[in-house]
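Throughout, numbering of the chain's residues begins at 1 and tracks the sequence. On a predicted model such as this, the values are computed, not experimentally measured, just so you know.
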Amino acid sequence: MTHLLVTGGLGFIGSHIVERAVDRGWRVTVIDSLRPDVHADAAVPEWFDGLRGDVDLVVGDAGDTSVGLLRSVDAVCHQAAKVGLGVDFSDAPDYVASNVGVTARLLAAMAGAGLRRLVLASSMVVYGEGLYRDGGVVRQPPERSVADLDAGRFDPLDADGRPLEPLLIAEDDPADPRNVYAASKLAQEHLARSWARSTDGRVVALRYHNVFGTRMPIGTPYAGVASIFRTSLAAGRPPRVFEDGGQRRDFVDVRDVADANLGAVERLGDRPDGTARAYNVGSGVVRTIGDFARALSEATGGPAPIVTGEYRLGDVRHITASSERIATELSWRAERPWPESIEAFAAGPTRQRAAVVG
């Protein structure tokens, strides 16, 4: 029987991984700090009550995981992280401590315990702005200028002021993190790769795209657009869509993402010692943020979205990636149909409003 340790296992994605691992008959241990900007009142969520007999829970920092506990498990699924774009640069120390520092301490403990198998939650944000064709040249453009954004020119432009053609980005294309969260996720990957080389460990880093589904945290500035739109609709307000709503994304059901994690755990044994491999995890279908807002409004019977023309510095215009590598090498593809995923998110439970700390 596989014994899996899930850090951040009471969180949004981690909770679905835990449930599906239990469904497979695995032994599961969860470590979660219950930090208040994710968990209201730092309380164990109600959904966990039904799993108490099947899952061992450790309340604490993933970086403080004991060597003794790590010696008892077969693999670590590291989901614990501070997520989102953040409020401003004052969030930087917490992102670095929560994502980079915790991961370094966890990896050091794994090295001490002789545990050599890790699935790491990474993110599409490591790419920065996506990949574009500029005439016959494929490249990643520089950051969009404030002047262009103020003028409503949201697409990256070529030298003649024409919009570049967005393309799918692959795992071997250059990383270009453009905010603190993105830098911290790429740093996690670099740490894991260094750990793998020095310990003969095996790492699979899953670069999530826009994950949505039940148990998303709402009412927090650290959430993504899916959570923000759901929060507005729950309050009877129309979703406010920034820019012109044409930002290209890949929205993927959290249940599919959980399956990708378990599949990666099962395939760690196939990986060569001392290696780390990154995989994009998306639905494989390009949609816009405006598409998502309209679909969610219709599913909830709420007001239609409002396109505001506002923007946030640090946001990227288009980021969609090919998920062919994970399909070919790990035999995973997203399976949930878009309408069913939207309906499940619209009708399902979210997390209680989280506190803002810092």
>> Hydrophobic clusters here meaning ILVMFWY residues chained together by side-chain heavy-atom distances under 4.5 Å, can you tell me if Val100 and Trp195 are in one?
In response: yes
> Going by distance alone, is a donor N or O of one side chain under 3.5 Å from an acceptor N or O of the other, for Asp155 and His318?
Replying inline: yes
> Is the backbone of Gly269 close enough, under 3.5 Å, to the side chain of Arg202 for a donor and an acceptor to pair up by distance?
Replying inline: yes
> side-chain contact (heavy atoms from CB on, under 4.5 Å) between His3 and Thr29: does it pass, once the steps are laid out?
Replying inline: CA-CA 8 Å; His3 183 186; Thr29 297; 2.9 Å; yes
> Ala111 and Thr199: which non-hydrogen atoms are nearest, and at how many Å?
Replying inline: CB-CG2, 3.9 Å
>> Given Val76, which partner from the list Ile31, Thr7, Leu120 fulfils the side chain to side chain contact (heavy atoms under 4.5 Å, CB included) test?
In response: Thr7
>> Less than 4.5 Å apart, side chain to side chain, heavy atoms only: is that true for Arg133 and Arg139?
In response: no
>> Could you check whether any side-chain heavy atom of Leu4 comes within less than 4.5 Å of a side-chain heavy atom of Val73, counting everything from C-beta outward?
In response: no
>> Please verify the inter-ring angle class for Phe251 with Trp338; under 30° counts as parallel, over 60° as perpendicular, anything in between as tilted.
In response: tilted
> If two hydrophobic side chains count as joined below 4.5 Å and joins carry through other members, does Val58 share a cluster with Leu107?
Replying inline: yes
> What are the two closest non-hydrogen atoms of Val102 and His78, and how far apart are they?
Replying inline: CG1-CE1, 4.4 Å
> Do the side chain of Ser15 and the main chain of Phe12 share a donor and acceptor less than 3.5 angstrom apart?
Replying inline: yes
> Does Val281 belong to the same Ile/Leu/Val/Met/Phe/Trp/Tyr cluster as Leu262, with side-chain heavy atoms less than 4.5 Å apart forming each link?
Replying inline: yes
> Got a donor-acceptor contact below 3.5 angstrom from the Trp332 side chain to the Asp256 backbone?
Replying inline: yes
> How long is the span from the CD atom in Gln188 to the CZ atom in Arg193, to the nearest 0.5 Å?
Replying inline: 12.5 Å
>> Quick check against the 3.5 Å criterion: does Ser322 have a side-chain atom that pairs as donor or acceptor with the backbone of Leu168?
In response: no
>> Using modelled atom types and a 3.5 Å cut-off, is there a donor and acceptor pairing between side-chain atoms of Ser227 and backbone atoms of Pro217?
In response: yes
>> I'd like to know if the side chain of Arg144 pairs up with that of Tyr311 as donor and acceptor (distance under 3.5 Å, no hydrogens or angles considered).
In response: no
> Do Ile17 and Gln79 come close enough that some side-chain heavy atom pair is under 4.5 Å?
Replying inline: yes
Tabulate below the donor-acceptor pairs under 3.5 Å that side-chain atoms of residues 293-302 make, not counting sequence neighbours, or state none.
{"from": "Arg294", "atom 1": "NH2", "to": "Asp291", "atom 2": "OD1", "distance (Å)": "2.8"}
{"from": "Ser297", "atom 1": "OG", "to": "Ala293", "atom 2": "O", "distance (Å)": "3.1"}
{"from": "Ser297", "atom 1": "OG", "to": "Pro303", "atom 2": "O", "distance (Å)": "3.0"}
{"from": "Thr300", "atom 1": "OG1", "to": "Leu296", "atom 2": "O", "distance (Å)": "3.0"}
{"from": "Thr300", "atom 1": "OG1", "to": "Ser297", "atom 2": "O", "distance (Å)": "3.2"}
{"from": "Thr300", "atom 1": "OG1", "to": "Gly302", "atom 2": "N", "distance (Å)": "3.4"}

>> Is there a path of hydrophobic side-chain contacts, each under 4.5 Å between heavy atoms of I/L/V/M/F/W/Y residues, joining Met216 to Tyr208?
In response: yes
>> If I take atom CD1 from residue Ile169 and atom CZ from residue Arg207, how far apart are they, to the nearest 0.5 angstrom?
In response: 8.5 Å
> Among Arg255, Arg215, Arg24, whose salt bridge (Lys or Arg N to Asp or Glu O under 4.0 Å) with Glu19 holds?
Replying inline: Arg215
>> Is it the case that the side chains of Tyr181 and Asp91 hold a donor-acceptor pair, with the cut-off being a distance below 3.5 Å and no angle test?
In response: no
>> Can you confirm whether Pro141 sits close enough to Leu164 that some side-chain heavy atom of one is under 4.5 Å from a side-chain heavy atom of the other?
In response: yes
>> Salt bridge or not between Asp253 and Arg336? Use side-chain N to carboxylate O under 4.0 Å.
In response: no
> Quick one: CZ on Phe154 to CD on Gln247, what's the gap to the nearest 0.5 Å?
Replying inline: 8.0 Å
> Would you call Arg267 and Asp270 a salt bridge, using N to O less than 4.0 angstrom?
Replying inline: yes
>> Contact between Asp250 and Asn210 at the side-chain level, heavy atoms closer than 4.5 Å - yes or no?
In response: no
>> Tell me whether Arg52 is salt-bridged to Asp54, with the criterion being a basic N under 4.0 Å from an acidic carboxylate O.
In response: no
>> Could you check whether Arg277 pairs with Glu329 (Lys NZ or Arg NE/NH1/NH2 to Asp/Glu carboxylate O, under 4.0 Å)?
In response: yes
> Nearest 0.5 Å, what's the CD-CG distance between Glu310 and Leu149?
Replying inline: 12.5 Å
> Is there a side-chain contact between Leu167 and Glu165 (heavy atoms, below 4.5 Å)?
Replying inline: yes
> Within the distance-only criterion (no hydrogens, no angle test), does the side chain of Thr328 pair as donor or acceptor with the backbone N or O of Arg325 below 3.5 angstrom?
Replying inline: no
> Distance only, no hydrogens: is a donor on one side chain within 3.5 Å (strictly under) of an acceptor on the other, for Tyr279 and Glu324?
Replying inline: no
>> If you define the side chain from C-beta out and look only at heavy atoms, does anything of Arg35 sit under 4.5 Å from Lys82?
In response: yes
>> Test your reading of the model: is there a side-chain donor-acceptor pair from Glu129 to the backbone of Ile319, 3.5 Å cut-off?
In response: no
> What side chain to side chain donor-acceptor pair (under 3.5 Å) pairs are there with at least one residue in residues 110-125, not counting sequence neighbours?
Replying inline: Ser122-Glu189
>> Any side-chain to backbone donor/acceptor pair from Arg317 onto Arg248? Under 3.5 Å, distance only.
In response: no
> Aromatic rings Phe345 and Phe292: how do their planes relate, parallel, tilted or perpendicular, breaks at 30° and 60°?
Replying inline: tilted
> If every non-hydrogen atom of Pro238 is compared with every non-hydrogen atom of Ile306, which pair is closest and at what distance?
Replying inline: CG-CD1, 3.5 Å
>> If you define the side chain from C-beta out and look only at heavy atoms, does anything of His16 sit under 4.5 Å from Thr214?
In response: yes
>> Is there a path of hydrophobic side-chain contacts, each under 4.5 Å between heavy atoms of I/L/V/M/F/W/Y residues, joining Val55 to Leu70?
In response: no
>> Measuring from atom CD1 of Ile13 to atom CG of Leu206, what distance do you get when rounded to the nearest 0.5 angstrom?
In response: 9.5 Å
> What's the shortest heavy-atom distance between Val83 and Tyr95, and which atoms?
Replying inline: O-OH, 3.0 Å
>> Using only atom types and a distance under 3.5 Å, with no angle test, would you say the side chain of Lys185 pairs donor to acceptor with the backbone of Ala81?
In response: no
> So, the side chain of Asp134 versus the backbone of Val137: is there a donor-acceptor pair under 3.5 Å, distance only?
Replying inline: no
> Between Leu57 and Val59, is a side-chain contact (heavy atoms from CB on, under 4.5 Å) present by the stated rule, with each step listed?
Replying inline: CA-CA 6 Å; Leu57 173 62; Val59 177; 4.2 Å; yes
> To the nearest 0.5 Å, how far apart are CG in Leu118 and CG in Leu268?
Replying inline: 8.0 Å
> Do His209 and Thr320 have side-chain N/O donor and acceptor atoms under 3.5 Å apart?
Replying inline: no
